[in-house]
Undergrad: 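Here it is, the structure, as structure tokens.
Note that ligands are numbered from 1 as they come in the structure, with each ligand's atoms numbered from 1 the same way. Nothing here was measured: the structure is a model prediction, and the numbers come from that model.
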Amino acid sequence: MRLSQMKQANIHLLLVSLLFILSCQSNDLKIITVLGEVPVSEMGITLTHEHVLVDFVMIDSLSANRYNKDSVIMKVLPYIEELKPFKVATFVDCTPEFMGKDPQLLAELSQKTGIKILTNTGWYGADNQRHLPSEINTMSAEEIAEIWIGEAKNGIGNTGIKPGFIKIGINDFDFSEIDKKLVAAACITHLQTGLTIMSHTGLASAALSQLQILKQYGVDPSAFIWTHAMVESSNENILTIAQMGCWVAFDGIREDMAPLTRFKDLLQFMKSTRQLSRVLLSHDAGWYQPGKPNGGDIRPYTALFNSLIPYVMSEGFTQKEIDQIIIKNPAEAFAVRVRKVVK
Ligand SMILES: [Zn+2]
């Protein structure tokens, strides 16, 4: 074989291997639901931030005895069933540990409705850390991560149900040592498990502080969801962070006109700046609240489909753009894989 032929053969081999690696990667990607692993291609239309049950009681008083599982299912099931005509295939439940996270309840709802549900590992430090165990003060980020990685490997408690992402919450104005520890623990957990980090964060400044910690750990911003990004009033600040590659989640959609207009404006802004590929949408709605008569009032999970999508489509959004936001982006955001900074 002449030298030029050998070079050509080598290039050919390289291309074939590269294609093989790429096809394996996309075929193998999965999400982790409360009923087990599912290929990411089956994720479909996804609500990326909702709640079935939230309990705001002080951590010492928390207990699954504060509610009757069957009553919760009876109350919430019709609201999840309402998603079927809109072809919603996946529902991401964002209730964290120590605030009523109940993987078995979610698994039962998923079995009854056929809708895939994701639950999480991680701890919530927002709300002045009142939903954190007191041991947090003396624990290192590594020790916290060990617990979360354990949940990812062995399941949550003795349920055998594995988390599909990491949910943390931090305080906006006082980014404390504990907040830093939670973000660091999330980074360590991500690097071990490939689970995406979703952080309850309001302002852009707090999102930036967290991305700084991701950088220290070599975690790519695409592994991070800035949830409640619509709380930030400066669109320019939202743009800056989206351009860094992280997910910006506008997840407080409701039927009222003023919030709807705000979401419509945000989507138009993200479209005009070519950043729709970084956007996630959801309601942060629900939920059954123990302690309230019959669980209190539930806010439905449907305003996105009944109101926001028709609204933005009347303003020129295409079906392709909508599908990007409610199908493609969630699949890319939640597909389990380690995302390290490429040096
Ligand atoms: Zn929430």
Undergrad: Between the side chains of Ser199 and Thr201, is a donor N or O closer than 3.5 angstrom to an acceptor N or O?
TA: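 Ser199 vs Thr201: donor-acceptor pair found between side chains.
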
Undergrad: Sequence neighbours excluded, which residues qualify as side chain to side chain contact (heavy atoms under 4.5 Å, CB included) partners of Gln289?
TA: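 Phe56, Trp287, Lys292.
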
Undergrad: What closest approach, in Å, do Thr159 and Pro103 show between heavy atoms, and which atom pair accounts for it?
TA: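 Looking at all heavy atoms of both residues, the closest pair is OG1-CB, 4.4 Å.
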
Undergrad: For a quick test of your reading: what N or O donor-acceptor pairs under 3.5 Å do the side chains of residues 215-224 make, sequence neighbours left out?
TA:
unit_1	atom_1	unit_2	atom_2	d
Asp220	OD2	Ser222	N	2.9
Asp220	OD2	Ser222	OG	2.7

Undergrad: To which residues is Met74 joined in a hydrophobic cluster, defined by side-chain heavy-atom contacts under 4.5 Å among Ile, Leu, Val, Met, Phe, Trp and Tyr, whether direct or through other members?
TA: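 Traced through the cluster, Met74 reaches no other member.
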
Undergrad: Which residues and atoms, counting only protein N, O or S, are under 2.8 Å from the Zn ion (ligand 1)?
TA: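 Near the Zn ion (ligand 1), below 2.8 Å, one finds His49 NE2, His51 NE2, Asp284 OD1.
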
Undergrad: Whether Lys271 engages the ring of Phe317 as a cation-pi pair (distance to the six-membered ring centre under 6.0 angstrom, angle to the ring normal within 45°) should be assessed.
TA: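 Because its charged atom sits under 6.0 Å from the ring centre and within 45° of the axis, Lys271 does stack over Phe317.
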
